Amino acid sequence: MQKVIETVLIGLSTGSIYALMSLAIVLVWRSTRVVNFAQAGQAMLSTYIGYEIATRSEVFWLGLVFAIAAGALIGAGVDYFFMRVLFKHATTGPAAVVAPVIATLGLLGLIRSAVGLIWGGDLRSIPAPVSRDGYTIGDTTLPFSPLNTLIIVSVCLVLIAISILFTRTNLGLALRASAYAPEIAQLAGIKTAQTRTIGWAIAGGVGGIAGMLITSYNFLSPNSLDLLLVFGFIAAVIGGLESMVGSVVGALILGVGLTFILNYVGTSLTFISGFLVLIVVLLVKPEGILGSRKGRRA
Amino acid sequence: MRKRLLFFILLGWVLLIVGDRVDELRVYQGAQISMYAIALSSIVLLTGYSGQVSLGNGAMMAVGGYAAALTLNNLQTPIWFAFLMSILASAIFGALLGASAARLSGPYLAGTTLALAVGLPALANQFGFLGGEQGILFDVGFPPERFGEEFSQYKWFFWIATFIALISLFITSNILHSRFGRTWRAIRGNSLAAELAGVHSARMKVLAFTISSAIAGLAGAVLAMTISLVSPGAYTLSLSFALVTGAVLAGISSLPGVMLGAVILVAIPEFADVVAHRLGDSEKVITHLPGLIVSVLLILSVIFTPNGPGENLRKHRKKKSAH
């Protein structure tokens with residue numbers, strides 16, 4: 001019984017990091033209709049910036065703030081200098097449909113190799129802000145540590161902040177409107193292009209937090225966030241790719257599920273299970289657990 | 001069809017003569033070019049014709065490579081049978097994956113195949129019979145004695161790779177010019193209209209994915225031959241990236257373009273090496289510069305000539321003739 005509870009807790013902590021990544025993917029997908037594969041790269045670059053600040057100043061939180069800011073700037077920059085140009089050029093011909101996806105892939109490759117050129121391929125780690133040793137109750141030490149608590153709490157705070165932003169502010173209304181019906185939003189006086197850039201910035205910032213949090217217990221390298229991207233994508237698909245709540249729920253389910261497999265079956269099957277979950281969801285419920293039904297199948 | 005066959009025979013003859021005249025390194029690179037040409041044709045078929053994006057062709061190549069090596073090592077079969085098995089195994093794998101993912105629109109297929117590309121090399125580490133990080137040997141043997149003493153191993157690779165590439169490209173070009181090619185283009189252009197015209201679009205997409213995987217698997221076996229090894233390190237995410245780049249550079253829907261794309265992909269590491277030496281030979285630069293060049297080329301070409309340089313030339317010509 002104790003092991004079950006531990007597994008659920010650890011799973012929630014892992015899942016909440018997936019939640020940030022899948023939220024970032026969903027935010028961009030809603031506004032731009034592109035699954036941004038560069039999200040992993042953007043988050044990784046922001047984490048490297050956060051890492052530099054955190055190791056130099058020896059304050060994790062300062063690094064986190066810088067990682068968020070860098071993530072937001074990079075996200076906005078990608079949309080402004082990159083996606084806008086792309087959508088202006090690649091409009092006709094056989095490549096029009098596939099160009100955006102391929103472009104984000106190119107960007108992922110660019111960021112990976114640029115980071116590799118600057119920082120090299122060595123594994124780096126950021127000292128965690130709180131203890132990584134598990135809580136002790138009586139004589140037993142749990143695998144669940146203050147760091148896990150911190151991760152869950154901070155992800156909750158981020159989610160609350162984002163839901164307030166989206167439901168209680170004018171900016172959030174504009175974001176939702178331009179994602180839902182860009183032309184009507186434009187008629188209502190919303191500058192949809194700018195709103196979209198803000199959406200990319202928010203996604204980038206969220207990605208930066210995800211990178212910093214996962215690096216506080218894992219190593220950082222130019223491709224260390226690839227798996228996070230994959231699991232974030234799977235979580236987003238579980239949630240329907242359209243719904244922000246769905247992506248978070250999907251990520252928590254995925255995190256807990258994979259941790260159960262990790263603890264009870266073994267490491268070798270975690271990735272395969274994640275992949276199988278993706279295939280099964282696509283086959284059985286392609287609209288996701290909370291998604292709408294239209295526009296899913298080709 | 002007969003013209004095309006004649007062209008391929010002629011091309012093979014020219015390559016044979018050229019292969020005799022150049023040095024060992026170039027011959028080896030020739031084998032690599034043939035390998036990339038096969039791999040790129042799988043992307044042209046899938047993305048350029050049927051309009052689906054797969055980021056996992058590197059993973060499909062891995063399936064083909066492992067299938068070929070396991071067949072050759074465990075069953076002691078002739079080489080051609082190992083290559084045949086690589087096609088078969090990756091086709092089955094592609095059909096299974098395609099049946100679930102290819103029916104879905106763009107982002108789902110792209111994401112699923114990306115997941116595959118990220119995860120498959122890691123999977124190989126977890127199963128003992130796949131040889132872990134070191135991989136397994138794939139040795140096609142020495143060239144037959146009747147070619148004489150002078151006939152080098154690299155030239156043998158080049159002959160096999162080019163022979164396979166010519167046959168595979170010939171078949172692919174026939175497929176693309178057949179009913180199937182036209183149907184795929186119709187689906188890509190407007191899938192609703194295609195369905196109204198009686199095309200079973202989901203089935204055709206799965207078919208495209210399966211054929212594309214089969215070709216990629218064959219390329220994977222050829223790649224394994226040129227490095228005499230199948231290991232997770234040979235089929236990385238960067239390989240999938242490079243393939244997409246090569247296909248986009250050469251014009252995503254142009255089959256002759258794959259030869260240009262393949263030459264570029266082989267030239268990039270060479271070029272990067274030269275630049276890295278200029279910059280002072282640090283390990284960082286040597287490992288990451290090729291990737292940087294590949295990505296920059298991909299981004300520039302997808303923004304400025306998303307349909308390949310051929311389209312821009314055509315536009316240019318049209319403008320000129322209008323004057």
Side-chain angles (χ1 to χ4, degrees), chain A residues 25 29 33-35 37 82 85-86 89-103 105-121 222-223 226-227 229-231 233-234 236-237 241 267-269 271-272 274-275 278-280 282-283 286 295-298, chain B residues 47-49 51-53 55 97 99-108 110-112 114-116 118-119 122-123 126-127 185 187-189 191 201-202 205 237-238 240-241 244-245 248 252-253 283-285 287-299 302-304 306-308 311:
Chain A
I25 292 173
W29 168 257
R33 297 284 130 182
V34 173
V35 171
F37 293 115
F82 194 71
V85 184
L86 180 78
H89 277 89
T91 45
T92 54
V97 196
V98 296
V101 178
I102 293 179
L105 188 74
L107 201 62
L108 175 61
L110 179 69
I111 299 176
R112 271 158 61 115
S113 30
V115 166
L117 272 179
I118 301 170
W119 280 280
N223 51 12
D226 288 357
L227 265 184
L229 174 74
V230 168
F231 287 139
F233 174 76
I234 297 176
V237 171
L241 207 52
T267 30
S268 59
L269 287 178
F271 181 80
I272 309 179
F275 192 72
L278 175 64
I279 298 286
V280 169
L282 287 177
L283 280 177
R296 220 37 49 165
R297 301 232 170 206
Chain B
T47 312
Y49 275 73
Q52 308 174 76
V53 190
L55 312 178
L97 189 70
S100 54
R103 283 193 294 164
L104 300 153
S105 47
Y108 294 90
T112 310
L114 179 82
L116 194 68
V118 171
L123 278 187
Q126 283 153 3
F127 294 102
R185 271 187 309 190
I187 295 171
R188 188 197 64 205
S191 73
S201 106
K205 281 184 164 183
L237 193 56
S238 316
S240 297
F241 283 7
V244 175
T245 308
V248 172
I252 193 94
S253 56
E283 190 227 330
K284 267 191 229 173
V285 179
T287 359
H288 296 285
L289 196 61
L292 192 71
I293 297 174
V294 166
S295 323
V296 169
L297 279 177
L298 178 58
I299 291 171
V302 90
I303 287 181
F304 293 109
N307 297 310
E311 197 207 27

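Keep in mind the model is a prediction, meaning the values are calculated, not measured. Numbers restart at 1 for each chain; the letters A, B, ... are given by sequence-line order, proteins then strands.
- For the options Gly274(A), Ala103(A), Pro222(A), Gly106(A), heavy-atom pairs under 4.5 Å to chain B are most numerous at Gly106(A).
- Residues Leu86(A) and Ile299(B) are not in side-chain contact: their nearest non-hydrogen atoms beyond the backbone lie 4.5 Å or more apart.
- Here Ala115(B) is the residue among Ser238(B), Ala115(B), Pro290(B), Gly291(B) with the most heavy-atom pairs under 4.5 Å with chain A.
- Of the listed residues (Val230(A), Leu117(A), Leu108(A)), the one with the most heavy-atom contacts under 4.5 Å to chain B is Leu117(A).
- Taken to the nearest 0.5 Å, the OG1 atom of Thr112(B) stands 5.0 Å off from the CZ atom of Phe233(A).
- Only the side chain of Leu229(A) comes within contact range of chain B, with at least one heavy atom under 4.5 Å from a heavy atom of that chain.
- Scanning all heavy atoms of the two residues, the minimum distance from Ser113(A) to Ser295(B) falls at OG-OG, 3.9 Å.
- Taking 4.5 Å as the limit, every side-chain heavy atom of Phe275(A) sits out of range of all side-chain heavy atoms of Val118(B).
- For the options Leu105(A), Val34(A), Val35(A), heavy-atom pairs under 4.5 Å to chain B are most numerous at Leu105(A).
- Looking at Leu114(B) and Phe37(A), their side chains come closer than 4.5 Å, going by heavy atoms from C-beta outward.
- No part of Phe231(A) comes within reach of chain B, as not one of its non-hydrogen atoms sits under 4.5 angstrom from that chain.
- Note that CG of Leu237(B) and CG of Asp226(A) are 6.0 Å apart. Values are rounded to the nearest 0.5 Å.
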Practice item. Might you work through the side-chain contact (heavy atoms from CB on, under 4.5 Å) test for Leu278(A) and Tyr108(B), ending with a clear yes or no? Key: CA-CA 10 Å; Leu278(A) 175 64; Tyr108(B) 294 90; over 6 Å; no
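- In this structure, the portions of Leu107(A) lying under 4.5 Å from any heavy atom of chain B include both its backbone and its side chain.
- Taken from CD1 in Ile102(A) to CZ in Phe241(B), the straight-line distance is 11.5 Å, to the nearest 0.5 Å.
- The structure places CD1 of Ile111(A) at 11.5 Å from CG of Leu292(B), a figure rounded to the nearest 0.5 Å.
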